[in-house]
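Just so we're on the same page: letters track the sequence lines, and every chain starts at 1.
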Number of protein chains: 2
Amino acid sequence: MPKSEVSSPSKRDEILDAAERMIRMGGYNGFSTRDIAAAVGIKAASVHYHFPTKAGIGAAVIERYTQRFLEELGDPTNFKGAKKAIAHYVGAFRRALARDGKVCLCGVLGAEIGGLPADVGAGTQIFFEKNLEWLKNALAASGGLSEAKALSRATLMLAALEGALILSKSLGNDVVFERISEGPLKMVLD
Amino acid sequence: MPKSEVSSPSKRDEILDAAERMIRMGGYNGFSTRDIAAAVGIKAASVHYHFPTKAGIGAAVIERYTQRFLEELGDPTNFKGAKKAIAHYVGAFRRALARDGKVCLCGVLGAEIGGLPADVGAGTQIFFEKNLEWLKNALAASGGLSEAKALSRATLMLAALEGALILSKSLGNDVVFERISEGPLKMVLD
DNA sequence: GTCTATAATTTGATAGAC
DNA sequence: GTCTATCAAATTATAGAC
C-alpha cells in the first residue's frame, strides 16, 4: 500500500477515539495522557510517540471531529424546504447524543475555552464558524430568508442545540433534548 | 456582632469570588488552589483553612451562585404577560455576560459534568432544575400555557441561553448573544 | 488566619533500550 | 512502536510554628 502516514494509523486513531470520548465526558482538563494510554492498552510514553504533546491530541481530535461533522451534513443548498434542512441538522446533533451518549465535542471545549491551549481554542472557534456558515446557507437557500435573518436564526439553532445537549447530560435524560427538538425548534421557521 | 460564622466572611468570599471567576473562564479543572491563593493574596495552605477541599470550594460557589440567581429572578408569577417574564429572564443572562464578561457558571460545569466531583455535579443539576421550574411557572402563569407546553418552552429557552453564552465566548463577541435574544427568542412565545 | 515546610500523588514529557 | 526508567513541575492536602 502507498504510504505517507508516519505512524500506525490504527493506534493513532484509537488514541484520538479515547481522547474524544474523554473530552466529551469531562472536558480537556479532566483527563491525562496516562488515562489515554490505559484506555488504548499502551504506556504514556507510547502515546507521546504518536503525539508529542497533549495539545496536539486535542487539536487533532477537533480537526477530525469538525471534518466528520461537516461531511455528515453534506451540501447545505440541497434541501427541499427549510423544514427538511433543519430536521437534517437537528438529526446530526441527536445522533451525537444517541450514538455516543455524549455532548458535542465543541460544546464542551467552548465552555472551558479560557482554560485551553491556543490551538485547541482556535479549532473550537472554527467549528462554530463553519456550522453557522452551513446553517445560514441552508436557511437562506431553502427558506428564502435574507442573509441577516438566516444568520440570526442559524445562531439561535446552534445555541439551542449545544445548550440542549449540555442540559440533557446534566439532567441525566435524553427527554430534555427531545423536548426542544420536537416542535419548539420549528418555531425558528417563523 | 452576633456571630455563627466560622471564619472571616470577607476572605472566604474573596476565595469564592476568585473561584467563580476562574471556573467561568476555564472550567473546574482549569485552575488550582494555588491559583486561587495568588488571586486573593494568600498562600495555598490558607485557602485550605477556609475550605478543606477544592470540591468544597466548587460546591460553595455553586450554592451561592444559584441562590443569587434565583434571588435576582424573584417571583415567577409576578409578570404582566409572558413577554415581560421572558425579557426579565433573558436580562439576567445578558447581565451575567455584560457585567462579568463570562458564561453562566453552570453552563461551564454542565459541559464538563463527567469530570467533576459528585457534589459539584449535583449542585449543577439542581441549578438547572430550579431554573426550569422558575421558567415553567413564569410561562404558565403569564402565558396561559399548559404545564407540558410551558416546560417544553422553558427547556428551549434555557438551552438557547446557555448555548448562546458559550457561543459568544467562543466566537469572541457579544453580538452573538444579541442575535439570539433580540427577536428570535420571542418566537418561543408562539 | 496565615505562614513555612513538606508529604504524597499526578502530570506532561524525554532518554534510551529492545 | 512500545517499553522501562526517570525527570521536573504541579497538584491537593496536612502538620505545626507564629
Side-chain angles (χ1 to χ4, degrees), chain A residues 1 3-23 25-62 109 112 114-121, chain B residues 1 3-23 25-62 109 112 114-121:
Chain A
M1 346 93 167
K3 276 290 66 193
S4 61
E5 286 297 1
V6 172
S7 59
S8 162
S10 166
K11 214 46 152 182
R12 201 190 120 109
D13 284 352
E14 280 182 62
I15 289 170
L16 294 182
D17 290 344
E20 180 182 324
R21 199 178 347 110
M22 289 176 187
I23 294 174
M25 199 160 59
Y28 177 82
N29 292 308
F31 70 96
S32 70
T33 52
R34 274 175 170 79
D35 294 330
I36 300 282
V40 306
I42 57 178
K43 296 294 176 182
S46 304
V47 172
H48 283 287
Y49 164 79
H50 294 280
F51 297 94
T53 67
K54 185 187 174 186
I57 299 178
V61 166
I62 296 187
L109 293 173
E112 59 176 352
L116 299 179
D119 291 20
V120 181
Chain B
M1 344 97 165
K3 276 289 72 196
S4 60
E5 285 298 0
V6 171
S7 61
S8 161
S10 166
K11 215 45 154 180
R12 202 190 118 104
D13 284 352
E14 279 183 63
I15 289 170
L16 294 182
D17 289 345
E20 179 181 325
R21 199 177 347 108
M22 289 177 189
I23 294 174
M25 199 159 60
Y28 177 82
N29 292 309
F31 71 96
S32 71
T33 52
R34 271 175 170 77
D35 294 331
I36 300 282
V40 306
I42 57 178
K43 296 295 174 181
S46 304
V47 172
H48 284 285
Y49 164 80
H50 294 279
F51 296 94
T53 67
K54 186 187 172 185
I57 299 178
V61 166
I62 296 187
L109 293 173
E112 59 175 351
L116 300 179
D119 292 20
V120 181

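Of the candidate nucleotides D/dT2, C/dA15, C/dG12, C/dG12 has the atom nearest to the side chain of A/Thr33. Listed nucleotides D/dT12, D/dC3, C/dA13 differ in distance to A/Lys54; the shortest reach to its side chain belongs to C/dA13. Residue A/Lys11 has its side chain nearest to D/dT2 when only C/dT14, D/dT2, C/dT2 are considered. Comparing D/dT14, D/dC3, C/dA13 by their closest approach to the side chain of B/Ala45 singles out D/dT14.
Of the side-chain N and O atoms in B/Lys43, none sit less than 4.0 angstrom from OP1 or OP2 of C/dC3. Remark: B/Ser32 is not in phosphate contact with D/dA10, judged by side-chain N or O atoms under 4.0 Å from OP1 or OP2. At least one side-chain nitrogen or oxygen of B/His50 sits closer than 4.0 Å to the OP1 or OP2 atom of C/dT2.
With hydrogens and angles ignored, the 3.5 Å screen pairs a side-chain donor or acceptor of A/Asn29 with a backbone N or O of A/Gly115.
Rounded to an integer number of Å, the gap from A/His48 NE2 to C/dA13 C1' is 5 Å. Atom C1' of nucleotide C/dT11 and atom CG of B/Asn29 are separated by 13 Å, given to the nearest angstrom. Distance, B/Met22 CE to D/dT11 C1': 15 Å, rounded to whole Å. Nucleotide D/dA13 holds its C1' atom 15 Å from the CD1 atom of B/Ile36, rounded to whole Å. One can place CD1 of A/Ile15 at 14 Å from C1' of C/dA13, the figure rounded to the nearest angstrom.
The two residues A/Val40 and A/Ala18 have their closest heavy-atom pair at CG1-CB, 4.0 Å.
Across all strands shown, A/Phe31 has heavy atoms under 4.0 Å from sugar-phosphate atoms exclusively, and none from any base.
Cation-pi geometry between A/Lys54 and A/Phe31 is met: under 6.0 angstrom from the ring centre, within 45 degrees of the axis.
Proximity of B/Glu112 to A/Tyr28: side-chain heavy atoms (C-beta onward) are nowhere separated by under 4.5 Å.
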